[in-house]
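For reference, the structure is listed below as structure tokens.
In each ligand, atom 1 is the first atom listed, and ligand 1 is the first ligand listed. Quantities reported herein were computed from a predicted structural model and do not represent experimental measurements.
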Amino acid sequence: FSRLKKGLSRSSSKIGEGITGIFTKRKLDDEALEELEDLLISADLGVSTAGKLTANLARTRFNKDVSDEEVREALAADVTGILEPVAQPLTPDPDKRPHVVLVVGVNGSGKTTTIGKMAQLNREAGRSVVLAAGDTFRAAAIEQLKVWGERTGCEVVSGKQGADAAGLAYEALERAKDSNADLLFIDTAGRLHNKSDLMAELQKIQRVLAKLDPEAPHDVLLVLDATTGQNAVQQVGTFRELVDVTGLVVTKLDGSARGGVLVALAEQYGLPVHAVGVGESAEDLRPFEAESFARNLMG
Ligand code: GDP
């Protein structure tokens, strides 16, 4: 877990040192609880989760002497309980050939990189993978996906910048079927400022995929950038209006003190979190494990 630990170090020192600051030789009184609640809110756990966690602590320990370690332990246990139901890896169904994963999210959230990392992990597991460069809006995204394709030995189906993304997705599914691939990842554009265009595009992609396989896409993965904090939480609501999101990947937990956003996401939506990103290279996509994440988060 050393990568996760390192990745979460900013979140964990924020919360961990904050708890020590509040609870060094101190009673768990109203003032301490209020400070703790503020700390958890500022660490992006969300207002309602912060309220629940502090209330839980007060139930058993109000007006008692508590140590920072005891508070950390109690919070880590509660947070583990919140995260456990959502910590679910993305497991491709071997009977679906291919298992189709549509990847959505705003520009810059880490979609293309996450697809590259997932391609690598699945190749290592012996699966054959096809990638569709469906972010036809940005030439750089197409190039970036081709680089990942070369690196991981996956076929990349791409068109020119501005090409029709749905047509490309259709072609990619045909190719993946022809080659009996295990998995197809479809990248998409993330122009959230133009929501109706984006919705039309995502719906069209889903419509054409369903012509070849009525169950496709089997997963719709929303990629969120942890550094955007509560904005990431709002994005889930927005994307769910556009498309039937089945799971999340949260990126950029390294470089961010906002790892607590995972707890807010789990509480608010209960969507599976398939993996977390703690850096830019392939091995920086980590499985999301409730207990180790909760412990690392609490410092
Ligand atoms: P897209 O527009 O959603 O496809 O986003 P990209 O995949 O192009 O990622 C945007 C930038 O974020 C790139 O520079 C990536 O290398 C970087 N990135 C993606 N995931 C992570 C992560 O987990 N940690 C860090 N530090 N950078 C990341």
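- For the pair Lys14 and Leu39, the tightest heavy-atom approach, listed with the atom from each and the gap, is O-CD1, 3.9 Å.
- Considering only non-hydrogen protein atoms, atom 2 (O) of ligand 1 sits nearest to Gly108 N, 2.7 Å.
- If you number the atoms of ligand 1 from 1 as listed, the ones under 4.0 Å from a heavy atom of Val106 come out as 3 (O).
- Ligand 1 is never approached by Gly105 to a heavy-atom distance shorter than 4.0 Å.
- Ranking protein heavy atoms by distance to atom 4 (O) of ligand 1, first place goes to Thr112 OG1, 2.7 Å.
- Contact between Gly279 and ligand 1 is present, with at least one heavy atom of the residue lying under 4.0 Å from the ligand.
- Counting heavy atoms under 4.0 Å from ligand 1, residue Thr113 touches it through both backbone and side chain.
- Residue Ala141 places every heavy atom at 4.0 Å or more from ligand 1.
- Scanning for ring-ring contact (aromatic ring centres under 6.0 Å, His included) contacts around Phe239 gives an empty result, with sequence neighbours left out.
- Counting heavy-atom neighbours within 6.0 Å of Asn194 CG, excluding the residue itself, gives a total above 12.
- With respect to atom 5 (O) of ligand 1, the closest heavy atom belonging to the protein is Gly110 N, 3.1 Å.
- With sequence neighbours left out, Phe288 forms a ring-ring contact (aromatic ring centres under 6.0 Å, His included) with Phe293.
- Remark: ligand 1 and Asn107 share no N or O pair separated by less than 3.5 Å (distance only, no angle test).
- Atoms of ligand 1 found under 4.0 Å from any heavy atom of Gly277 (numbered from 1 in listed order, with element): 23 (O).
- Applying side-chain contact (heavy atoms from CB on, under 4.5 Å) to His274 and the options Leu285, Thr114, Val250, Leu221 leaves one that passes, Leu221.
- Within the 4.0 Å heavy-atom cutoff, Arg286 does not count among the residues contacting ligand 1.
- Side-chain atoms of Asp78 do not come within 3.5 Å of backbone N or O of Leu53 as any donor-acceptor pair.
- Here the protein heavy atom with the shortest distance to atom 14 (O) of ligand 1 is Glu280 OE1, 3.5 Å.
- Residue contacts with ligand 1, taken as heavy atom pairs separated by less than 4.0 Å, do not involve Asp187 at all.
- Contact atoms of ligand 1 toward Val278: 23 (O) (distance under 4.0 Å to a heavy atom of the residue).
- If you chain together hydrophobic residues whose side chains sit under 4.5 Å apart, Met298 and Leu83 fall into the same group.
- Closest protein heavy atom to atom 3 (O) of ligand 1: Lys111 N, 2.8 Å.
- The number of heavy atoms from other shown groups lying within 6.0 Å of CD (Glu174) is above 12.
- Nearest to atom 12 (O) of ligand 1 by heavy-atom distance, out of Arg138, Gln144, Lys252, is Lys252.
- When only interatomic distances are considered, the shortest N/O to N/O separation between Asp254 and ligand 1 falls below 3.5 Å.
- Remark: side-chain polar atoms of Arg72 are paired, donor with acceptor, to backbone N or O of Gly16 under 3.5 angstrom.
- In the hydrophobic cluster analysis, where Ile, Leu, Val, Met, Phe, Trp and Tyr join through side-chain heavy atoms closer than 4.5 angstrom, Ile205 is grouped apart from Leu131.
- The one candidate from Thr91, Asp219, Asn122 that meets the side chain to side chain donor-acceptor pair (under 3.5 Å) condition with His99 is Asp219.
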